[in-house]
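Input: a single structure, listed below in structure tokens.
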Amino acid sequence: MITLDDKYIKNFVSGEEYDAALERVVAARDKVLNGGGEGSEFLGWRDLPENYDRDEYVRIKAAAEKIRDDSDILVVIGIGGSYLGARAVIELLGHSGLDPESRKTTEIIFAGNNLSSIELDKVLKRLDGKDWSINVISKSGTTLEPALAFRVLRAELAKRYGASANQRIYATTDAKKGTLHDLATENGWEKFVVPDNIGGRYSVLTAVGLLPIAAAGIDVDELMAGAGSFPRTDLGKVIVEALDYALYRNVLYEKGYGVEVLSCFEPSFAVMNEWWKQLFGESEGKDSKGILPDSMIFTTDLHSLGQYLQDGKRQVFETFVQFGKSPVEVVVPAAEDDGDGLNYLAGKNLSLVNQKAYEATAKAHHDGGVPVMTLNLSDISPKSIGEFIYFMEMACAISAYTLGVNPFNQPGVEEYKKNMFGLLGK
């Protein structure tokens, strides 16, 4: 179970301020649980851990097994919520979350999330001499970045496999309509559904995320079990930790803290940081409101951005993500000459040193004037990460409603597209 350690935030949020904000945050929570708020037609993710399509889930696992059997590489084509969640889970759990039933692990690479010729050429070079398949993910099939990448990669797949290329394309798209849906129907590609009632940044526990995650060999049963273990039904106790996290964020925002840094001491968490930034940035950043989400990976960034956090402008608060148990242990050996003076650490696990680095950093940042929270997870496992994903989705929706914005739209992202299409002569 995720727990929120708030001992280093109580100097910045008083009991009176907490109590004054509680009514607003509870009202926001009830909009999430019961509907009635703006965008409530996109609350499908809320009950997803219990109410997912069981038949499609079986097909996802079967397709993933086929991909692992016949493909060295699966190219996942998508942008934003169509790839970030899957990539985050795969990079975080690729070392420790593999399903023991998986006979083979397929490498997952990502394309269609930029317009760079250099990056697409890198993908093409990695495919040379390999067996590979495509999972193209788009509600419409017309979003420029993935559509262009798919056009290029589909042509390469046809050169490599001829008519049988169609058995290596998996389309995750609208259930009934759209360019990609129609192409998939015409060409016999296996189709999976992007649900109408779940926005992209909340979709990682649908086919959008589950197919590539399962193809990577990660235990999706455990991932879904983790999301399903999160309490939702007892309104007296439901989502207490997520509610508190949302409450502290909003009180700090009202006090002038406009930037939140999500920090973790595991480098494999870096893409999960990016997923979190999209989730909160697109959900809250509108109507001239919102906390700017930023992230750091420690101890690496302590040697670059740590100075700013410690002594810079006091506009930042920090949320740490900590894991109680490492999936592997590396013991520091003794050295006969002790030339580096590190024999005092001999026999200790490196994960213990990492833990003490976190404790020292959290205290130093707090003492330097930074409000600090810590989210504690039991371990790095599919079950814990499933719970973390659901926790953040719930906390984000509550926080956005508390802020007074619709958590589920993103009107601002359409403006650059209009300008770009005009410049390209569309």
Side-chain angles (χ1 to χ4, degrees), residues 2 4-6 8-9 79-81 83-94 110 113-114 200-202 204 209 242 245-246 248-250 252-253 257-285 290-323 354-355 357-362 364-366 368-377 380 384-385 387-396 399-400 403 407 410 413:
I2 293 174
L4 174 65
D5 183 345
D6 60 1
Y8 284 146
I9 207 167
I79 195 166
Y83 91 102
L84 266 176
R87 187 169 186 172
V89 172
I90 290 166
E91 296 210 7
L92 181 57
L93 293 177
F110 296 87
N113 50 67
N114 56 68
R201 58 188 176 273
Y202 291 84
V204 63
Y245 176 55
Y248 284 132
R249 295 180 84 253
N250 277 270
L252 290 168
Y253 176 69
Y257 293 93
V259 180
E260 179 180 13
V261 172
L262 193 70
S263 298
C264 186
F265 280 74
E266 287 296 339
S268 59
F269 198 80
V271 182
M272 190 63 76
N273 276 340
E274 298 305 310
W275 171 79
W276 172 84
K277 286 193 283 192
Q278 186 202 2
L279 179 67
F280 278 85
E282 279 196 348
S283 296
E284 291 191 323
I291 297 165
L292 177 65
D294 199 357
S295 63
M296 296 186 191
I297 291 295
F298 295 149
T299 58
T300 304
D301 287 337
L302 288 176
H303 297 264
S304 56
L305 295 169
Q307 173 62 39
Y308 185 92
L309 267 177
Q310 190 68 43
D311 289 332
K313 186 175 180 180
R314 300 296 80 177
Q315 60 183 339
V316 178
F317 66 97
E318 188 170 22
T319 302
F320 287 94
V321 176
Q322 276 295 104
F323 299 99
N354 209 24
Q355 170 68 22
Y358 149 71
E359 293 173 11
T361 302
H365 290 177
H366 165 265
V370 178
V372 169
M373 294 180 276
T374 299
L375 295 170
N376 291 300
L377 282 67
I380 303 176
S384 289
I385 300 310
E387 185 183 356
F388 176 80
I389 288 167
Y390 192 89
F391 174 97
M392 281 301 182
E393 290 175 347
M394 183 65 74
C396 182
S399 186
L403 188 62
Q410 53 277 342
V413 301

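Computed from a prediction, not measured in an experiment: that's the story for all the values here. The residues of the chain are indexed from 1 along the displayed sequence.
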> Looking at CZ of Arg249 and SG of Cys396, how far apart are the two atoms once the value is rounded to the nearest 0.5 Å?
Replying inline: 7.0 Å
> Would a 4.5 Å heavy-atom cut-off, applied to side chains only, mark Leu377 and Glu387 as touching?
Replying inline: no
> Taking Tyr253 for the side chain and Gly290 for the main chain, is one N or O donor matched with an acceptor at less than 3.5 Å?
Replying inline: yes
>> Side chains of Tyr202 and Pro407, heavy atoms from C-beta outward: is any pair under 4.5 Å?
In response: yes
>> For the backbone of Leu279 and the side chain of Ser283, can you confirm whether one donor and one acceptor N or O come within less than 3.5 Å of each other?
In response: yes
>> Against Phe110, only a single residue in Ile79, Ile90, Val271 fulfils side-chain contact (heavy atoms from CB on, under 4.5 Å); can you say which?
In response: Ile90
> Is there a side chain to side chain contact (heavy atoms under 4.5 Å, CB included) between Leu4 and Tyr248 once you walk through the steps?
Replying inline: CA-CA 11 Å; Leu4 174 65; Tyr248 284 132; 4.1 Å; yes
> Atom CG of Asn250 and atom CD1 of Ile291: how far apart are they, to the nearest 0.5 Å?
Replying inline: 6.0 Å
> What heavy-atom pair brings Ala395 and Ala246 nearest, and what distance separates the two atoms?
Replying inline: O-CB, 3.9 Å
> Does the separation of the ring centres of Phe269 and Phe388 fall below 6.0 angstrom?
Replying inline: yes
> Between atom CD of Gln322 and atom CD of Glu359, what is the distance when rounded to the nearest 0.5 Å?
Replying inline: 8.0 Å
> For Leu302 and Gln307, what are the C-alpha separation, side-chain angles and deciding distance, and is it a side chain to side chain contact (heavy atoms under 4.5 Å, CB included)?
Replying inline: CA-CA 7 Å; Leu302 288 176; Gln307 173 62 39; over 6 Å; no
> What is the minimum heavy-atom distance between Arg201 and Glu393, and which atoms define it?
Replying inline: O-OE2, 4.4 Å
> Under 3.5 Å, side chain of Arg314 to main-chain N/O of Gly368, donor-acceptor pair present?
Replying inline: yes
> For the atom pair CZ (Phe320) and NE2 (His365), what is the distance rounded to the nearest 0.5 Å?
Replying inline: 6.0 Å
> Just by distance, with hydrogens left out, do Glu318 and Ser263 show a side-chain donor and acceptor under 3.5 Å apart?
Replying inline: yes
>> How long is the straight-line distance from CG of Leu375 back to CZ of Phe391, given to the nearest 0.5 Å?
In response: 4.5 Å
> Would you call Tyr308 and Met296 a side-chain contact if the rule is heavy atoms closer than 4.5 Å?
Replying inline: no
>> Apply side chain to side chain contact (heavy atoms under 4.5 Å, CB included) to residues Arg87 and Trp275 and explain how you reach the verdict.
In response: CA-CA 9 Å; Arg87 187 169 186 172; Trp275 171 79; over 6 Å; no
>> Let me confirm one number: the CG-SG distance from Asp301 to Cys264, rounded to the nearest 0.5 Å.
In response: 11.5 Å
> Going by distance alone, is a donor N or O of one side chain under 3.5 Å from an acceptor N or O of the other, for Tyr358 and Thr374?
Replying inline: yes
> For the residue pair Trp276 and Asp294, what are the closest heavy atoms and their distance?
Replying inline: CZ3-O, 3.1 Å
>> I'd like to check Asn354 versus Glu266 (side-chain heavy atoms, cut-off strictly below 4.5 Å). Are they in contact?
In response: yes
>> To check you understand the geometry: which heavy-atom pair defines the closest contact between Val204 and Ala86, and what is its length?
In response: CG2-N, 3.9 Å
> Do you know the tightest heavy-atom contact between Val372 and His366?
Replying inline: CG2-N, 4.1 Å
> Do you know which two heavy atoms are closest between Ala357 and Thr299, and how far apart they sit?
Replying inline: CB-CG2, 4.0 Å
> Does any non-hydrogen side-chain atom of Val370 lie less than 4.5 Å from one of Val261?
Replying inline: no
> Side chains of Val321 and Met272: does their closest heavy-atom pair fall under 4.5 Å?
Replying inline: no
>> What I want to check is whether the side chains of Gln278 and Glu274 have a donor and an acceptor closer together than 3.5 Å.
In response: no
> Does the side chain of Phe265 come within less than 4.5 Å of Thr361's, by heavy atoms?
Replying inline: yes
